[in-house]
2 protein chains.
Amino acid sequence: MEYNLDNTINHRIATLAILLKRQVYRIIAENNLEITPEQWVIMYYLWKENGLSIGEIAAKSKKDFGNVTRIIDKLEKLEYVNKRKNDKDSRIINIYLLPKAEDIKEPITKCWEKSTNITLKGISDSEQEILLNILNKIENNILENLE
Amino acid sequence: MEYNLDNTINHRIATLAILLKRQVYRIIAENNLEITPEQWVIMYYLWKENGLSIGEIAAKSKKDFGNVTRIIDKLEKLEYVNKRKNDKDSRIINIYLLPKAEDIKEPITKCWEKSTNITLKGISDSEQEILLNILNKIENNILENLE
DNA sequence: TTGTTTTATTTGTCATGACAAATATTTAAA
DNA sequence: TTTAAATATTTGTCATGACAAATAAAACAA
């Protein structure tokens, strides 16, 4: 084989993402929380700015529009959020956090921190900074290309 | 919010992986190839070592056992591989590449290279090396933790 | 040899990627 | 104003994550 996939950055990132997902799922399960990592990400953006529209959430989270719709539907069933039509433009649906969301905020954030701590064991602050910088560049490269 | 998800390495890797997946899917579609990135990854390991068992492929690719079974089933339908029971231990299924696999080898490898080139635009060799090193450390941290 | 444990694979179910087509509403153009 | 184009969301379908339970065969123990 001319070419070593395991030294390819794209493939390493894809593999790492799978492992990270597995890790977070398990930590969440150990803590008996009723939420998934992806659901949490969306709630995170709502905690930062309650009432975002589906489109805004999709843009911020870089998720597919349709997938966001479905994740929101699940969050609605779990009673973490509700949907409300925008008064001025009824094409737009705004999403609002419900009280039950508050219950899960601290424990799920702790799960995330736990996962991050495992990930970063033995990696210095300066390495982390370098890593984030390079990851930023890569993300910009991809976004530029995807338009 | 006490805490900025967008500066979290775990989250950045997860997001990047989504964007990378989208990018590769599109490149593959532009080239009208009948394969997915995950299917390709499995074929890559077979090109390196034809006849691997499902379990070996799962271990090498770090994918879930059951998911590998299903990806192999699809590769079989596409006539890229076939399954053969191991003579000595009939619990084991070995997977062998078929001639049709050869047709796709070069074009799909090119797609992957194209995607990698987009990703790495403006990132120096030394940065790439540093990045791979840190990603290795992270992967080891996670694997250690998952057992 | 028979019963138990381990190992390899399959299958079931749910969540979320991907893309495309359908719907509804608003904006812009004729 | 009526029609066409653009925008926001939903829905459909497939592929692949996750985990758990089921099946089949081999290895080990009694």
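The chains referred to below are lettered A, B, ... by the order of the sequence lines, with proteins before strands, and numbering in each begins at 1.
Checking B:Asp6 against A:Tyr45 by side-chain atom types alone, a donor-acceptor pair falls below 3.5 Å.
Residue B:Gly55 is classed as a sugar-phosphate contact, given heavy-atom separations below 4.0 Å to backbone atoms only. B:Ser90 comes within 4.0 angstrom of the backbone, heavy atoms only, and of no base. Residue A:Lys63 is classed as a sugar-phosphate contact, given heavy-atom separations below 4.0 Å to backbone atoms only. Counting any heavy atom pair closer than 4.0 Å across all strands shown, A:Asn67 reaches a base atom. Backbone-only contact: B:Thr36 has heavy atoms under 4.0 Å from sugar-phosphate atoms and none from a base.
Rounded to a whole Å, the CG atom of B:Leu19 is 11 Å from the P atom of C:dC19. Here the P atom of nucleotide C:dA15 and the NZ atom of A:Lys74 are 5 Å apart, to the nearest Å. The CG-C1' distance, from B:Leu52 to C:dA8, rounds to 15 Å in whole Å. Atom CD1 in A:Ile28 sits roughly 19 Å away from atom P in D:dG17 (whole-Å rounding). For the pair B:Phe65 CZ and D:dA22 C1', the computed distance is 14 Å after rounding to whole Å. Taking atom CG of A:Leu33 as the reference point, atom P of D:dA18 lies 19 Å away to the nearest angstrom. In this structure, B:Asn94 atom CG and C:dT7 atom C1' are separated by 15 Å, rounded to whole Å. One can place CD of B:Glu34 at 10 Å from P of D:dA15, the figure rounded to the nearest angstrom.
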Side chain to side chain contact (heavy atoms under 4.5 Å, CB included) between B:Tyr25 and B:Thr36, worked out: CA-CA 7 Å; B:Tyr25 262 98; B:Thr36 67; 4.1 Å; yes

B:Glu30 and B:Arg26: CA distance, side-chain angles, deciding distance, salt bridge (Lys or Arg N to Asp or Glu O under 4.0 Å) verdict: CA-CA 6 Å; B:Glu30 280 164 18; B:Arg26 291 196 188 166; over 6 Å; no

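At the phosphate of C:dT16, OP1 or OP2 sits under 4.0 Å from a side-chain N or O atom of A:Gln39. An OP1 or OP2 oxygen of D:dT10 is reached within less than 4.0 angstrom by a side-chain nitrogen or oxygen of A:Thr69. B:Arg26 has a side-chain polar atom (N or O) that falls below the 4.0 Å cut-off from OP1 or OP2 of C:dC19.
The residues B:Lys21 and B:Glu38 are annotated as salt-bridged, a charged nitrogen and a carboxylate oxygen being separated by less than 4.0 angstrom.
Of the candidate nucleotides D:dT10, C:dC19, C:dA8, D:dT10 has the atom nearest to the side chain of A:Lys83. The side chain of A:Asp64 sits closest to C:dC19 out of C:dT16, C:dT25, C:dC19. Comparing C:dA8, C:dG17, D:dT9 by their closest approach to the side chain of B:Ile92 singles out C:dA8. Out of C:dG17, D:dC19, C:dA18, the shortest distance to the side chain of A:Arg70 is found at C:dA18.
Nucleotides of DNA chain D nearest to B:Lys62 and B:Asp89 differ in position, and the one nearer the 5' end is that of B:Lys62. Comparing A:Tyr25 and B:Arg22 along DNA chain C, the residue whose closest nucleotide (by nearest heavy atom) sits nearer the 5' end is A:Tyr25.
One hydrophobic cluster, built from ILVMFWY side chains closer than 4.5 Å, holds both B:Ile71 and B:Trp47.
The heavy-atom pair separating B:Leu120 from A:Asn141 by the smallest distance is C-ND2, 4.0 Å.
Between the side chain of A:Arg91 and the base of D:dT9, no donor-acceptor pair of N or O atoms lies under 3.5 Å.
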